[in-house]
Amino acid sequence: PPSKVLAFLSTEVASNGSFDLLVRTSDLRKSLLVPGRSYSYGLLLVPTAEGAAELEKIESLDLEGFARHDSFLSNSAPFVADGPPEPGRVECSPSSGEAVLGRFTISAKHWRDESDLEYAFFLVPLSDGTTLSVDSSGGLAVDGTSSLPSIDWTNSSSPHYWASSGAFALRWWSEDSVLPQTVLAAGSYFVIVRVRDDLGAEST
C-alpha cells in the first residue's frame with residue numbers, strides 16, 4: 001500500500017552558486033517514529049505555493065495523493081528508527097550470602113529490542129546510613145534510604161560519574177545476559193545492568 005506522510009518538515013535551502021541546491025532540515029519529529037520501523041525522507045516539488053498550502057491542510061496523505069495534486073516526490077534511502085531497549089529486570093541469586101566465599105549469579109531478564117543486545121553489570125554501594133538485613137521470610141529488609149543515586153555513565157567530569165560514585169564494573173559489554181559464579185566483597189549494593197543495542201542506544 002502507499003506510504004503515509006507523517007509530517008511536513010521545516011527546511012532550509014541553500015545554493016552553491018550554480019544550479020545545485022542544498023535542502024536540509026533539523027525538524028526531526030522524533031515523537032512520530034516507532035522503533036524498529038522503516039522510514040524515509042521525501043523531497044516534494046509542488047508547482048505553486050497555493051498547491052503546497054493545500055497539501056499541508058490534508059490530515060491524512062499518502063504518496064498517491066501527491067500525484068493527484070500534480071506534485072513530484074523524491075524519496076531518500078530508507079532508514080530504521082532506533083530506540084533504546086525496552087527495560088526488563090536484573091536479578092541476583094541468592095539475594096544475600098557470605099562475602100568472598102559465596103557465589104552469586106546475576107541475570108538480566110526480559111530486555112527487548114529489534115536487534116541483538118549487549119549487557120554490562122555494575123555494583124553501586126547503598127548510601128551511608130542504609131543497611132540490608134535478611135527478614136524472617138528470607139527476603140531483604142531495608143533500614144534507611146534505598147533509592148538509587150544519580151549516576152552519569154558517560155561524562156567523566158560530572159560529579160555523578162559512575163567511577164567517582166563508588167560504583168565498580170563486574171563485567172563490561174558482552175552478549176551474555178548472565179554473570180554466573182560471581183564473588184562479591186562485603187557490603188550492601190544495588191546491582192545495575194546497562195543494556196545497549198547494536199546501534200548504541202542504551203537503557204539501564
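Just so it is clear, the model here is predicted, and its values are computed rather than measured.
- Rounded to the nearest 0.5 Å, atoms OG (Ser115) and CG (Asp82) are 6.5 Å apart.
- Here CD of Glu202 is found 11.0 Å from CG of Leu117. Values are rounded to the nearest 0.5 Å.
- In the hydrophobic clustering of this structure, Val13 groups with Leu43; members are Ile, Leu, Val, Met, Phe, Trp, Tyr whose side-chain heavy atoms approach within less than 4.5 Å, directly or through other members.
- Residues satisfying the salt bridge (Lys or Arg N to Asp or Glu O under 4.0 Å) test with Arg89, not counting sequence neighbours, are Glu91.
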**Request:** Would you please test Tyr119 and Trp111 for ring-ring contact (aromatic ring centres under 6.0 Å, His included) and show each step?
**Result:** CA-CA 10 Å; Tyr119 306 84; Trp111 297 76; 7.4 Å; no
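- Among residues at least two apart or in separate chains, salt bridge (Lys or Arg N to Asp or Glu O under 4.0 Å) pairs with a member in residues 110-123 are Glu86-Arg112, Glu118-Arg196.
- The cluster map of Ile, Leu, Val, Met, Phe, Trp and Tyr, joined by side-chain heavy atoms under 4.5 Å apart, puts Val5 and Tyr39 in different clusters.
- Counting heavy atoms from C-beta on, the side chains of Phe190 and Phe122 never come closer than 4.5 Å.
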**Message:** Would Leu33 and Ser31 count as a side chain to side chain contact (heavy atoms under 4.5 Å, CB included) here? Give the steps.
**Reply:** CA-CA 6 Å; Leu33 305 183; Ser31 62; over 6 Å; no
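- Grouping the Ile, Leu, Val, Met, Phe, Trp and Tyr side chains by contacts below 4.5 angstrom, directly or via other members, places Leu199 apart from Val195.
- Connection of Val23 to Leu44 is not established within any shared hydrophobic cluster, with ILVMFWY side chains joined at heavy-atom distances below 4.5 Å, either directly or through further cluster members.
- Partners of Tyr41 by ring pair (Phe, Tyr, Trp, His ring centres under 6.0 Å), not counting sequence neighbours, listed by chain and number: Phe79.
- For an aromatic pair to be called close, the ring centres must be under 6.0 Å apart, and Trp172 with Phe121 fails this.
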When the side chains of residues 156-164 are checked against the rest of the protein, which donor-acceptor pairs come out under 3.5 Å, sequence neighbours left out?
{"from": "Ser157", "atom 1": "OG", "to": "Asn155", "atom 2": "OD1", "distance (Å)": "2.7"}
{"from": "Ser158", "atom 1": "OG", "to": "His160", "atom 2": "N", "distance (Å)": "3.1"}

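- If you take CG on Leu6 and CG on Leu32, they are separated by 5.5 Å, rounding to the nearest 0.5 Å.
- In this structure, the side chains of Thr204 and Ile192 come closer than 4.5 Å at one or more pairs of heavy atoms.
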Which atom pairs, one a donor and one an acceptor, fall under 3.5 Å between side chains of residues 176-185 and the rest of the protein, sequence neighbours left out?
{"from": "Asp176", "atom 1": "OD1", "to": "Val178", "atom 2": "N", "distance (Å)": "3.0"}
{"from": "Thr182", "atom 1": "OG1", "to": "Phe104", "atom 2": "O", "distance (Å)": "3.4"}
{"from": "Thr182", "atom 1": "OG1", "to": "Leu179", "atom 2": "O", "distance (Å)": "3.3"}
{"from": "Thr182", "atom 1": "OG1", "to": "Pro180", "atom 2": "O", "distance (Å)": "3.4"}

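- Glu12 is linked by a salt bridge (Lys or Arg N to Asp or Glu O under 4.0 Å) to Arg24, counting only residues two or more places apart in sequence or in another chain.
- Under a 3.5 Å cut-off, the side chain of Asp27 and the backbone N or O of Leu9 do not form any donor-acceptor pair.
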